[in-house]
Enquirer: 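Following this message is one structure expressed as structure tokens.
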Number of protein chains: 4
Amino acid sequence: MIYIDYKNRSPIYEQVIAEFENLIVKGVLQPDEKLPSVRSLAMELSINPNTIQRAYHELERNGYIYTVKGKGNFVAAKENFIQTKHEELWNSLRGLIKDAKGAGISKEEIRQRIELFLREDGSND
Amino acid sequence: MIYIDYKNRSPIYEQVIAEFENLIVKGVLQPDEKLPSVRSLAMELSINPNTIQRAYHELERNGYIYTVKGKGNFVAAKENFIQTKHEELWNSLRGLIKDAKGAGISKEEIRQRIELFLREDGSND
Amino acid sequence: MIYIDYKNRSPIYEQVIAEFENLIVKGVLQPDEKLPSVRSLAMELSINPNTIQRAYHELERNGYIYTVKGKGNFVAAKENFIQTKHEELWNSLRGLIKDAKGAGISKEEIRQRIELFLREDGSND
Amino acid sequence: MIYIDYKNRSPIYEQVIAEFENLIVKGVLQPDEKLPSVRSLAMELSINPNTIQRAYHELERNGYIYTVKGKGNFVAAKENFIQTKHEELWNSLRGLIKDAKGAGISKEEIRQRIELFLREDGSND
DNA sequence: GTGGTCTAGACCACC
DNA sequence: GTGGTCTAGACCACG
């Protein structure tokens, strides 16, 4: 279901969070769909249950999932996270553009690259 | 010369690196210009000299500066780092655009935001 | 009759208890009135009968209802719970006021907020 | 420095959080003052370091403290938490008032009790 | 020495 | 069986 890179320097729990955020934001996991149980996922990934627990807890705190004790973890309603996610993206983008300008890249070159990236693989709109 | 935020979560040596990268890429520090000595900078920032040493070492590894034993650290020639820096930026930008598309944001909205950010504060081109 | 929020963090049996306490204290359910049977309520709410059983047991322990074996569960006489309920409220209120004072909020501001809250929606007195 | 009730059903880490929130909000711990290290506090309270770690992490997330890796945890600036704390208090107070009205207590009785509580022990204003 | 992460294994509340 | 909490002990990054 999700992929973890054990060699990666970033903490495992953050990778788990990122993977699920991704699946949820993209709609692969639909609202109210059940996530793997803490224990089963831990087993599957050969990871300690505590680590999964922590990841799920963070996901809940950020509005991506909700927890029902004794039942499991489920994908939250779209409204709970979509706006936050977009704002995060805009902030990152803004910082990057600022850096690019700081590095002496011209506006026109930025525009051209953006168009390039926009045309790659997928296509919404 | 550079500013360190001790309350920031990111390690001090990374902040030192980022500050110098910035000054060098922007041209505030010109090629072959001398950087402050490890000890003097450590003193000025009330930081352990080891921390500065590590930052300078990383900067050298990434082609931003070169070291002359017994003399000090100096800004490298532009060719050594400018391309790498730009590639890093393009890669980040590409990833971000991909994420935005994954999150269901339309190309047109991305273009509009980009224009907005391009117009903020500074203006090259 | 009562509403359960399955996504809520607090356990279902506590929600059941709270809902019935509320109905009883407000007088919607009058003394000696019969509560729904464990099984019928469990069915209606799609909940495990054990959970309802536990809630009823707690309600009985706190003097809100009484149980007649073979007959069902009934709302207790007002004297059995009204005073306890009020005392609980006063204790909570007292703690909260103390906290507010501890947080440096002035008495006058507390009074003003109280008046505000008292005027909201319903109106006894 | 802080007191933990091991018999209490509420989790230890929440008690630790509550105790420090209290000390910070009341100003017993001043901004930029150092908190006990994770290990030393764990030792002192005969608690596992992980539990303290978790409490500190939550306190940081809620703006009460900030963490400097390799240095320790420190009380944050007042602006970071005072408003949040007050809002929490007003929300609780509002709920309680609503409950009291629901339980059939008259506005006048509520006012009288409030005055009583306001006059107890401490006195700001 | 300090916080950050992780493992292995345990017990509890809830359903 | 499920999540929630806790312990004991380990290793790493940072200063």
Side-chain angles (χ1 to χ4, degrees), chain A residues 4 6 8-16 34-43 45-60 65-74, chain B residues 4 6 8-16 42 45-55, chain C residues 4 6 8-16 42 45-55, chain D residues 4 6 8-16 34-43 45-60 65-74:
Chain A
I4 299 299
Y6 299 94
N8 199 88
R9 67 244 278 67
S10 72
I12 294 177
Y13 80 91
E14 279 189 2
Q15 292 187 45
V16 175
K34 190 176 181 305
L35 276 69
S37 83
V38 172
R39 284 164 172 76
S40 68
L41 187 57
M43 200 94 89
L45 301 175
S46 307
I47 281 178
N48 189 292
N50 280 334
T51 307
I52 305 291
Q53 177 80 282
R54 179 169 181 183
Y56 278 11
H57 191 255
E58 285 278 302
L59 282 166
E60 193 200 7
I65 67 175
Y66 64 91
T67 300
V68 182
K69 274 198 267 195
K71 287 292 211 174
N73 293 276
F74 305 84
Chain B
I4 299 298
Y6 298 94
N8 200 97
R9 313 186 51 70
S10 65
I12 291 176
Y13 81 92
E14 278 189 5
Q15 292 186 47
V16 175
L45 301 175
S46 308
I47 279 179
N48 190 314
N50 286 332
T51 306
I52 306 291
Q53 188 65 275
R54 177 169 181 180
Chain C
I4 299 299
Y6 297 94
N8 200 97
R9 313 185 51 71
S10 66
I12 292 178
Y13 82 92
E14 278 188 5
Q15 291 187 47
V16 175
L45 301 174
S46 308
I47 280 178
N48 190 314
N50 287 332
T51 308
I52 306 291
Q53 188 64 273
R54 178 169 181 180
Chain D
I4 299 300
Y6 301 92
N8 199 86
R9 66 245 277 65
S10 72
I12 294 176
Y13 80 90
E14 279 189 3
Q15 292 186 46
V16 175
K34 191 176 180 302
L35 276 68
S37 82
V38 170
R39 284 164 171 75
S40 69
L41 186 58
M43 199 93 91
L45 301 175
S46 307
I47 281 178
N48 188 291
N50 280 332
T51 306
I52 304 292
Q53 177 77 282
R54 178 170 182 183
Y56 278 11
H57 191 254
E58 285 279 302
L59 283 166
E60 194 199 7
I65 69 176
Y66 64 91
T67 299
V68 183
K69 274 199 269 196
K71 286 293 208 175
N73 293 275
F74 305 84

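Quick caveat: nothing in here was measured; it's all calculated off a predicted structure. Naming convention: chains lettered A, B, ... in sequence-line order (proteins, then strands); numbering from 1 in each chain.
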Enquirer: Rounded to the nearest angstrom, tell me the gap between atom CD1 in D/Ile65 and atom P in E/dT2.
Expert: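 Result: 15 Å.
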Enquirer: If the test is side chain to side chain contact (heavy atoms under 4.5 Å, CB included), which one of A/Ile4, A/Ile12, A/Val38 qualifies with A/Thr51?
Expert: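 Exactly one option meets the side chain to side chain contact (heavy atoms under 4.5 Å, CB included) with A/Thr51, and it is A/Ile12.
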Enquirer: Classify B/Tyr13 by what it touches in the nucleic acid, base, sugar-phosphate, or nothing, heavy-atom distance under 4.0 Å.
Expert: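 The residue B/Tyr13 makes sugar-phosphate contact but no base contact.
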Enquirer: Provide, to the nearest angstrom, the distance between the CD atom belonging to A/Gln53 and the P atom belonging to E/dC12.
Expert: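 Taking atom P of E/dC12 as the reference, CD of A/Gln53 is at 17 Å.
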Enquirer: Could you tell me the separation between the CD atom of D/Glu60 and the P atom of E/dG3, rounded to a whole number of Å?
Expert: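 Distance, rounded to whole Å: 11 Å.
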Enquirer: Select from D/Ser10 and B/Arg54 the residue whose nearest nucleotide in DNA chain F is closer to the 5' end of that strand.
Expert: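 Nearer the 5' end of the strand: D/Ser10.
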Enquirer: Could you state the CD-P distance from A/Glu14 to E/dC6, rounded to the nearest angstrom?
Expert: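 The distance from CD of A/Glu14 to P of E/dC6 comes to 8 Å, rounded to the nearest Å.
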Enquirer: With nearest nucleotides of DNA chain F determined for D/Tyr6 and A/Val68 from heavy-atom distances, which residue corresponds to the more 5′ nucleotide?
Expert: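 First, find each residue's nearest nucleotide; the 5'-ward one identifies A/Val68.
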Enquirer: In Å and rounded to the nearest 0.5 Å, what is the CD1 to OH distance from D/Ile65 to D/Tyr56?
Expert: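 Here the rounded value is 6.5 Å.
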Enquirer: Once you apply a heavy-atom cut-off of 4.0 Å, does D/Asn50 come out as touching a base, just sugar-phosphate, or nothing?
Expert: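 Since a base atom lies under 4.0 Å of D/Asn50, the category is base.
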Enquirer: To the nearest 0.5 angstrom, please state how far the CD atom of B/Glu14 sits from the CG atom of B/Asn8.
Expert: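 That separation rounds to 9.5 Å.
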Enquirer: In whole angstroms, how far is the P atom of F/dG9 from the CD1 atom of D/Ile47?
Expert: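 Rounded to the whole Å, the gap is 16 Å.
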Enquirer: Given atom CG of D/Asn48 and atom C1' of F/dA10, what is their separation to the nearest angstrom?
Expert: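 Rounded to the whole Å, the gap is 12 Å.
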Enquirer: Please test B/Tyr6 against B/Leu45 for side chain to side chain contact (heavy atoms under 4.5 Å, CB included), starting from the C-alpha separation and ending with a verdict.
Expert: CA-CA 10 Å; B/Tyr6 298 94; B/Leu45 301 175; 3.9 Å; yes
Enquirer: Does A/Arg39 get its side chain close enough to the base of F/dG1, under 3.5 Å, for a donor-acceptor pair?
Expert: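 No, no donor-acceptor pair under 3.5 Å.
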Enquirer: Could you state the atom-to-atom distance from NZ of A/Lys69 to P of E/dA13 in whole Å?
Expert: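 For the pair A/Lys69 NZ and E/dA13 P, the rounded distance is 10 Å.
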Enquirer: Applying a 3.5 Å limit to both distances, which nucleotide forms a Watson-Crick or G-U wobble pair with E/dC14?
Expert: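 Paired with F/dG1.
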Enquirer: Quick one: look up who F/dT7 pairs with, Watson-Crick or G-U, both distances under 3.5 Å, and put none if it's unpaired.
Expert: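 Matched F/dT7 with E/dA8 under the 3.5 Å cut-off.
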Enquirer: Taking the nucleotide of DNA chain E with the nearest heavy atom to each, does D/Asn73 or A/Gly70 sit closer to the 5' end?
Expert: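 Mapping each residue to its closest nucleotide by heavy atoms, the 5'-most match is D/Asn73.
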Enquirer: Output the rounded distance in Å from CE (A/Met43) to P (F/dG3).
Expert: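 The distance from CE of A/Met43 to P of F/dG3 comes to 13 Å, rounded to the nearest Å.
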Enquirer: Would D/Phe74 and D/Val68 count as a side chain to side chain contact (heavy atoms under 4.5 Å, CB included) if you check the C-alpha gap in whole Å, the side-chain angles of each, and the deciding distance to 0.1 Å?
Expert: CA-CA 8 Å; D/Phe74 305 84; D/Val68 183; 4.0 Å; yes
Enquirer: Under 4.0 Å between any heavy atoms, over every strand shown, what does C/Ile12 touch: base, sugar-phosphate, or nothing? Just pick one.
Expert: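 Sugar-phosphate only.
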Enquirer: Just to confirm, is there a sub-4.0 Å distance from OP1 or OP2 of F/dT5 to any side-chain nitrogen or oxygen of D/Thr51?
Expert: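 No, D/Thr51 has no side-chain N/O under 4.0 Å of OP1/OP2 on F/dT5.
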